[in-house]
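Indexing begins at 1, ligand by ligand and atom by atom, following the structure's order.
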Amino acid sequence: MRVAARRVLVIGAGQMGSGIAQVAAQAGCGVTLQDVDAAFLERGLQAVRDGLQRLVRRGGMTETDAAAAEARIALSTELSAAQEADFVIEAATEQLSVKLGIFRAVDALAPESCILASNTSSLSITELAGAARRPERVIGMHFMNPVPVMELVEVIRGLQTSDDAHARTVEFVRELSKTPLSVRDFPGFVANRVLMPMINEAVFALQDGVADAETIDGVMKLGMNHPMGPLRLADLIGLDTCLYIMEVLHKGFGDSKYRPCPLLRSYVAAGWLGRKTGRGFYPYT
Ligand code: NAD
């Protein structure tokens with residue numbers, strides 16, 4: 001293992017934030033995982049423990065290394081760890097107002113050289129950078145779900161992002177044993193510009209009664225060789241996150257082809273957000 005020895009503040013202890021904290025701790029970074037509520041932090045830390053134990057069971061890590069990785073993660077409901085951070089990675093809820101508030105707050109605390117990264121799935125890095133006094137050191141680090149498993153990090157350069165910040169971020173992604181692919185700042189970047197309309201269309205197919213969820217997913221798995229059908233993938237991502245991303249694409253491009261499916265809106269309104277709430281297009285126990 002290469003020891004990255006960086007100090008990282010991860011904001012948001014949901015499924016993405018906990019995964020990012022895990023891979024950063026595995027790489028040797030000192031990590032603070034921050035959220036608004038201690039209960040969310042405990043849930044996030046439990047997800048890290050489960051992830052590390054899965055690796056131990058599969059022979060990918062020793063018990064000693066797993067314990068050392070867990071010990072590198074501190075929990076906090078405050079943002080004060082930004083004061084010592086080399087990298088801040090924001091992985092809070094996909095809502096612009098939430099992220100702008102976080103960027104303003106950490107920008108005021110973090111040292112000059114610290115890079116402020118967002119794990120946003122679709123929001124404008126350029127706009128987030130606009131909330132900071134260091135727009136040249138604001139960048140997108142878009143991890144894939146589940147973070148400990150997926151190799152890609154989409155690195156997104158805002159209009160103001162400097163070459164130096166981009167190079168440092170690419171290097172950091174490699175230290176996390178991930179593969180960086182750099183893209184420009186457009187709504188949904190590459191990953192979700194291509195993926196989300198497919199998921200949204202699968203929801204339309206379900207709404208129209210073309211087939212049931214299992215059949216729609218089966219067609220895409222058996223017919224297109226996708227490892228997971230689009231509706232099960234939507235449940236994994238979180239239906240609220242899928243809806244936010246479709247809204248960003250719709251607003252950002254002003255094209256009706258990105259209109260969110262009404263059935264997706266209904267599920268989100270019902271609180272059926274997928275795996276994280278125990279029910280989405282499928283039930284989860
Ligand atoms: P989640 O709902 O599992 O977790 C979000 C967390 O953010 C919650 O614990 C919430 O309490 C916390 N939060 C909200 N406001 C906060 C604030 N002001 N300060 C600190 N914490 C706050 O969501 P997630 O799936 O982990 O997604 C997080 C981010 O990652 C989003 O931007 C999402 O678009 C992006 N993302 C998600 C996926 C995915 O598959 N779910 C993939 C890539 C990127």
Mode of H142 contact toward ligand 1 - side chain, backbone, both, neither (heavy atoms, under 4.0 Å): side chain
Nearest neighbour of atom 31 (C) of ligand 1 from the list A91, S121, A92, A39, on a heavy-atom basis: A92
R168 vs D164, salt bridge (Lys or Arg N to Asp or Glu O under 4.0 Å): CA-CA, chis, key distance, verdict: CA-CA 6 Å; R168 283 169 58 199; D164 176 64; 3.8 Å; yes
Heavy-atom check, side chain of E214 versus side chain of Y282, under 4.5 Å: yes
Atom 3 (O) of ligand 1 [closest protein heavy-atom partner, distance rounded to 0.1 Å]: Q15 N, 3.1 Å
For F143, atoms of ligand 1 separated by under 4.0 Å from a heavy atom: 42 (C), 43 (C), 44 (C)
Mode of V98 contact toward ligand 1 - side chain, backbone, both, neither (heavy atoms, under 4.0 Å): side chain
Min N/O separation D240 to ligand 1 under 3.5 Å: no
Contacting atoms of ligand 1, where contact means under 4.0 angstrom from a heavy atom of T120: 32 (O)
N192 versus P197, closest heavy-atom pair with distance: O-CD, 3.5 Å
Closest non-hydrogen atom pair between A81 and T32, with its separation: CB-OG1, 3.5 Å
Closest approach of A25 to A69 (non-hydrogen atoms, all atoms of both residues): CB-O, 3.3 Å
For N145, the ligand 1 atoms whose distance to one of its heavy atoms is below 4.0 Å: 39 (C), 40 (O), 41 (N)
Under 3.5 Å: donor-acceptor pair, side chain of T93, backbone of Q95: no
Proximity winner for atom 11 (O) of ligand 1, if only heavy atoms of V248, I89, D35, V106 are counted: D35
Where ligand 1 meets G12 - atom numbers and elements under 4.0 angstrom, heavy-atom basis: 7 (O), 21 (N)
Nitrogen or oxygen atoms of M16 and ligand 1 under 3.5 Å apart: yes
For atom 20 (C) of ligand 1, the protein heavy atom that lies nearest, with its residue and separation: Q34 OE1, 3.3 Å
Min N/O separation E90 to ligand 1 under 3.5 Å: no
Location of contacts on I102 toward ligand 1, heavy atoms closer than 4.0 Å: side chain
Per-residue contact class, T93 against ligand 1 - non-hydrogen pairs under 4.0 Å: both
Evaluation steps, salt bridge (Lys or Arg N to Asp or Glu O under 4.0 Å), between E247 and R265: CA-CA 11 Å; E247 282 170 342; R265 285 193 192 284; 2.8 Å; yes
Residues R7, D86: salt bridge by 4.0 Å N-O rule: yes
Sub-4.0 Å atoms of ligand 1 with respect to non-hydrogen atoms of F40: 11 (O)
Test item, R43 contacting ligand 1 (heavy atom, 4.0 angstrom): yes
Under-4.0 Å salt bridge between D163 and R157: yes
Cationic N near anionic O, under 4.0 Å, R43 to D35: no
Close N or O approach (T241, ligand 1; < 3.5 Å): no
Contact (N/O only, under 3.5 Å) between K276 and ligand 1: yes
K178 side chain vs V147 backbone, donor-acceptor pair below 3.5 Å: yes
Closest non-hydrogen atom pair, Q22 against G51: OE1-CA, 3.6 Å
Parallel, tilted or perpendicular: ring planes of W272 versus Y267, cut at 30 and 60 degrees: perpendicular
Protein residue, atom and distance nearest to atom 4 (O) of ligand 1, heavy-atom basis: G14 CA, 3.2 Å
Sub-4.0 Å heavy-atom contact, G238 with ligand 1: no
Close approach, K99 and ligand 1, non-hydrogen under 4.0 angstrom: yes
Part of Y244 within contact of ligand 1 (heavy atoms, under 4.0 Å): neither
Minimum-distance pair of heavy atoms, taken over all atoms of T77 and A38: CG2-N, 3.8 Å
Subset of ligand 1 atoms that lie under 4.0 Å from at least one heavy atom of I11: 20 (C)
Geometric N/O contact I237 with ligand 1, under 3.5 angstrom: yes
Identified side chain to side chain contact (heavy atoms under 4.5 Å, CB included) partner of L195 from the options I245, V190, L233, N200: L233
Closest protein heavy atom (residue, atom, distance) for atom 32 (O) of ligand 1: E94 OE1, 2.6 Å
Nearest protein heavy atom with distance in Å, relative to atom 30 (O) of ligand 1: N119 ND2, 2.9 Å
In one Ile/Leu/Val/Met/Phe/Trp/Tyr side-chain cluster, 4.5 Å: L181, V173: no
